[in-house]
Amino acid sequence: MNERLYKRKIRLLISIVLVLVMAFSGCNGKQKKQERKRENRQESQQEKKETVKADNKDLSKSEQSLQNLQKNLRRSRMPMAAAYLGYADDNSPFRDQVRTLLKNGKYEEQYSFLADVPKENYISYNGEEVYAIVPQSTQYAMKVESFDWDENANAMVRDTLYINQKAAPVILKCNLSELSYNVVITLTKGTETFSYSPSLSLMDGALYAYNLDGMEIYDFTLYDNLEIPVWNEGGECGGCGDPEGYGAPLEAAGEEPGLIGQWISTELKNQSGQNITYGMYFGDYQYFEFQYGQMGHDLECWSGTFEVTDQFRNGELVVHYVLYTPDGTREGEFYTMVNYGEMLVTEGSGDAIFPFTDASTEWFYSY
């Protein structure tokens with residue numbers, strides 16, 4: 001009895017030892033397998049890092065600058081970036097003028113890829129404003145079309161200027177005036193479509209960085225190096241080598257404090273509901289010019305004289321004007337408040353300063 005019990009205890013002890021040995025071996029094997037996975041994962045990650053590093057090393061400075069900008073676009077979830085480079089005319093080769101704009105604008109360091117845009121990606125259309133357009137990636141298809149405005153200020157597509165199934169940076173010259181843009185850029189990826197017409201804001205002269213649907217684009221214009229003045233919200237001039245030379249908006253200019261220069265309004269409609277543009281130019285020696293017409297069409301122009309006859313305590317000016325028109329002389333006065341790049345105009349006595357609309361008060365913007 002005791003011998004059988006003893007042998008049973010011995011067998012039980014041996015079984016327990018075997019179970020512990022197997023359990024330890026299994027845990028140890030599992031641990032080693034996890035360690036091997038961890039080591040493989042670390043090696044894989046290291047290989048990826050080395051590959052990316054090698055790839056970046058292989059990229060030229062130009063390619064790296066483009067890649068950095070497109071990364072910013074993806075982070076911001078913006079399909080397009082644009083920069084206003086300046087003006088170019090038809091008197092010399094377009095690409096030569098762009099090289100000068102890029103050099104003067106100091107784009108060589110941060111956006112050096114612009115200098116490598118190929119000849120086939122230069123698009124020259126009617127106008128003098130020059131823009132750089134950069135899509136988020138080559139996954140988009142890209143198309144640039146010209147259009148005209150009909151009598152109701154609706155855009156009508158005219159010609160296809162450029163098309164590429166793999167979107168790439170382009171340099172674009174367009175827009176006959178600040179009042180009317182004349183091209184549309186469309187990016188397409190699957191069912192996703194994004195359209196944008198580059199233009200300058202009439203409020204401050206900067207790039208207008210939204211499309212008609214209110215979607216924002218990335219503005220990478222280097223404003224400090226622009227050769228034309230751009231007024232920011234604080235009233236300080238960007239791109240002005242000599243701000244006083246351009247006349248700060250709140251500074252007096254003879255008897256016409258803050259008025260000297262060109263002012264424009266594009267937000268009014270005539271009695272038929274059509275968009276109408278008004279412009280006023282206050283020049284030296286009390287020269288006054290009044291412009292009107294539909295957006296996208298030639299503006300009619302009347303000229304005459306103006307005089308600031310009074311100024312109220314709140315800064316509002318009383319302006320008396322005389323205009324000589326084909327239908328005779330128009331004479332009256334209006335009240336205006338000038339604040340940086342904006343001017344509020346309110347009709348006063350005499351002939352209406354807004355002859356083709358029922359409006360009596362309207363904002364004008366300097367450009």
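Counting begins at 1 with the first residue of the sequence. We use all heavy atoms of the structure for the numbers below, so side chains are in, but hydrogens, waters and symmetry mates are not.
- Between D90 and K173 there is a salt bridge, with a side-chain nitrogen of the basic residue lying less than 4.0 Å from a carboxylate oxygen of the acidic one.
- Using cut-offs of 30° and 60° on the angle between ring planes, the pair Y84 and Y131 is tilted.
- Screening E333, E331, Q286 against H320 for a side chain to side chain donor-acceptor pair (under 3.5 Å) leaves a single residue, E331.
- Taking the six-membered ring for Trp and the full ring otherwise, F288 and Y281 have centroids separated by 6.0 Å or more.
- A donor atom on one side chain and an acceptor atom on the other are not found under 3.5 Å apart for Y122 and E120.
- The neighbour count for K143 NZ, taken as heavy atoms of other residues, nucleotides or ligands under 6.0 Å away, does not exceed 12.
- Every ring pair (Phe, Tyr, Trp, His ring centres under 6.0 Å) that Y278 has, sequence neighbours left out, goes to F290, F354.
- Taking the six-membered ring for Trp and the full ring otherwise, F306 and Y321 have centroids separated by 6.0 Å or more.
- Taking every heavy atom of both residues into account, Y125 and R158 meet most closely at OH-NH1, 3.6 Å.
- The salt bridge (charged side-chain N to carboxylate O under 4.0 Å, His left out) test applied to K61 returns E109, not counting sequence neighbours.
- Using modelled atom types, one side-chain atom of N211 and one backbone atom of S195 make a donor-acceptor pair closer than 3.5 Å.
- Summarising the local packing, CD of Q139 is surrounded by 12 or fewer heavy atoms from other residues, nucleotides or ligands at distances under 6.0 Å.
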